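Note sheet for the following structure.
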Amino acid sequence: MEEQKVRETAILVGLAADIMDEAERSTDESMDELEALVQTAGGSVNGRILQNKKTPDPRTFIGEGKVQELKELIEAEECDLAVFDNELSPSQTRALEDDLGVHVIDRAQLILDIFAQRARTREGRLQVELAQYKYMLPRLTGMWTHLVRQTASGGSSPIGTRGPGETQLETDRRHIRRKIQKLEEELSDVRRVRDTQRRKREKNNIAVVALVGYTNAGKSTLLNRLTDSDIPANDRLFDTLDTTTRRLLLAPGQEVLLSDTVGFIRKLPHHLIEAFKATLEELKYADVLLHVIDVSNPEYELQAEVVRRLIDELGASSTPVIDVYNKADACPVPSMIPRGDTAVAISAKTGEGTDVLTEKIAEILGRGKKRVSLKIPYSDAGLADLLHSQAEITELEYREDCIQVEAVIKPELWGRVRAYASGDDEE
């Protein structure tokens, strides 16, 4: 019989200091989210401490008195782990572990651990590994208590070998810097492949619609609903790390690519954003962003703002966005859900409102475009090839005297095809 894995038990710790930016302060809501993260990582939570203070303590972050209270709670609950909602410095982590006698991690490290569990593709694993090494580099000092200089004997320095040498710490730093450089080179290759794929899509005139949103907002469920796919969509944080793309038929002859992306979260580690830019930079090349918002969550406005800030940071602020208020069937006050030209209320679970959403996508993609009926003489058959690469052809028929084409074209093509258009197309 297979031995059941023992779940680690944790105490959660948060600090709301007056000197902190509001987004960095711990609240009951951010602590609830931290508990969900611990459960996602495979642990359980036996208690929490939320400290209010003017400034963080330089040594222990929460202050000596609170550390003693935390130590007593850890011993009483027999916990293995203290998880901090705020980012700790390497020296604070070391001091807390010395005082508490248990492993101490912060929110950033917890999220990195979850990403490491969830990454499936080679690209996803590369990105997570890069983020972990960048997180680890400034924290190496605390990981090594043996700062003995390396010698031939491997122990303390014998007579005649003392002097300039290379500490284990310095060796590890060099090793990690080499690993970071290698991973960045491999991710650069990934970017080149993505550039090639992007140019091919542009040449074939295929529009890209990208799903973005807070983690667990329902992006994968929506992708499944719109494309009749069966991608696993579970009610848990960071269920999707590796980008998934499917074809979506908006109307006859109008097909787009719909891409799911990793979910965002407040206090997302900077190293993760940097590492995942190879994937997330696709957002700024998308034709439309669907910002999926879990409107059943009491904090949906705050979550939406977190996503909007990250969209700006990733350079996609000029991309058209449709706010997709998902889980409308579970919203306590449906009349409060915003609706408009760039906002729609839906339920990805039931399908409610998704027809309105696809209409809005088609409308945005069709802005400035023109539907034309053309009779192209065989003497100018090359124009049909041009339309194949730069327009959306809905019908094409080779007749005796001409090539009959029904297409949707961009404004810049009108001058080139105008001579072959029917009178109804003239405006």
Side-chain angles (χ1 to χ4, degrees), residues 20-21 23-24 34 37-38 40-41 56 61 81 83-97 103-145 147 166-194 215 237-238 240-243 261-284 306 309-316:
M20 288 177 172
D21 289 339
E24 293 302 315
L34 187 67
L37 286 168
V38 171
T40 299
F61 194 67
L81 190 64
V83 183
F84 279 70
D85 189 41
N86 321 79
E87 189 162 344
L88 300 173
S89 70
S91 62
Q92 286 167 339
T93 303
R94 290 196 302 276
L96 285 162
E97 288 189 337
H103 189 37
V104 173
I105 64 171
D106 59 18
R107 186 185 183 99
Q109 196 173 350
L110 178 60
I111 292 173
L112 284 169
D113 184 77
I114 294 167
F115 271 52
Q117 288 180 38
R118 293 285 164 80
R120 293 289 176 267
T121 64
R122 176 176 170 272
E123 179 188 354
R125 287 194 292 267
L126 283 173
Q127 290 172 132
V128 173
E129 194 178 351
L130 177 61
Q132 286 178 316
Y133 276 124
K134 286 189 170 180
Y135 177 87
M136 192 189 298
L137 190 60
R139 291 166 170 78
L140 272 181
T141 308
M143 297 175 184
W144 293 105
T145 53
L147 299 184
E166 186 173 47
T167 65
Q168 182 67 51
L169 176 65
E170 288 160 354
T171 306
D172 293 334
R173 277 185 177 144
R174 280 197 306 109
H175 171 70
I176 287 180
R177 287 194 184 104
R178 279 198 303 269
K179 287 288 291 182
I180 287 171
Q181 184 180 354
K182 185 174 182 295
L183 287 165
E184 285 176 337
E185 286 168 1
E186 289 186 60
L187 281 169
S188 181
D189 291 339
V190 170
R191 277 197 175 94
R192 278 194 287 273
V193 171
R194 284 190 180 276
T215 183
L237 303 180
F238 297 121
T240 300
L241 287 193
D242 302 307
T243 303
T261 60
V262 61
F264 297 140
I265 197 168
R266 72 187 96 186
K267 305 181 190 177
L268 193 63
H270 181 70
H271 296 321
L272 262 181
I273 299 170
E274 283 297 313
F276 272 75
K277 273 189 175 173
T279 301
L280 294 173
E281 71 177 2
E282 285 291 290
L283 298 183
K284 66 181 177 185
V306 168
R309 280 200 303 270
L310 285 165
I311 287 172
D312 287 347
E313 187 178 334
L314 291 162

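Model, not experiment: these values are computed from the prediction. Side chains included, hydrogens not; waters and symmetry mates left out as well; all remaining heavy atoms used.
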(request) Would you mind reporting whether Arg309 and Asp312 have side-chain heavy atoms less than 4.5 Å apart? (result)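 Asp312 vs Arg309: side chains apart.
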(request) Taking the side chain as every heavy atom from C-beta outward, state whether Glu184 and Ile180 have any atom pair closer than 4.5 Å. (result)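 Heavy-atom side-chain distance check passes, below 4.5 Å.
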Any chance you could measure [X], atom [atom1], to [Y], atom [atom2], to the nearest 0.5 Å?
| X | Y | atom1 | atom2 | answer |
| --- | --- | --- | --- | --- |
| Leu314 | Phe264 | CG | CZ | 5.5 Å |
| Lys284 | Ile311 | NZ | CD1 | 14.0 Å |
| Leu110 | Ile105 | CG | CD1 | 4.5 Å |
| Leu310 | Ile265 | CG | CD1 | 11.0 Å |
| Arg125 | Gln132 | CZ | CD | 12.5 Å |
| Lys179 | Met136 | NZ | CE | 10.5 Å |

Minimum heavy-atom separation for [X] to [Y], with atom names?
| X | Y | result |
| --- | --- | --- |
| Leu112 | Val128 | O-CG1, 4.1 Å |
| Pro90 | Pro138 | CG-O, 3.4 Å |
| Ile111 | Lys267 | CD1-O, 4.3 Å |
| Glu24 | Met20 | O-SD, 3.9 Å |
| Leu34 | Phe84 | CD2-C, 4.1 Å |
| Asp106 | Leu88 | OD2-N, 3.1 Å |

(message) Salt bridge check, Glu186 against Lys182: does any charged N sit closer than 4.0 Å to a carboxylate O?
(response)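 Glu186 and Lys182: salt-bridged.
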(request) Can you spot which of Val83, Asp85, Leu268 makes a side-chain contact (heavy atoms from CB on, under 4.5 Å) with Arg107? (result)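 Only match with Arg107 under side-chain contact (heavy atoms from CB on, under 4.5 Å): Asp85.
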(message) Is it the case that the side chains of Asp113 and Gln117 hold a donor-acceptor pair, with the cut-off being a distance below 3.5 Å and no angle test?
(response)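 Checked: Gln117/Asp113 side chains pair up, N/O donor to acceptor below 3.5 Å.
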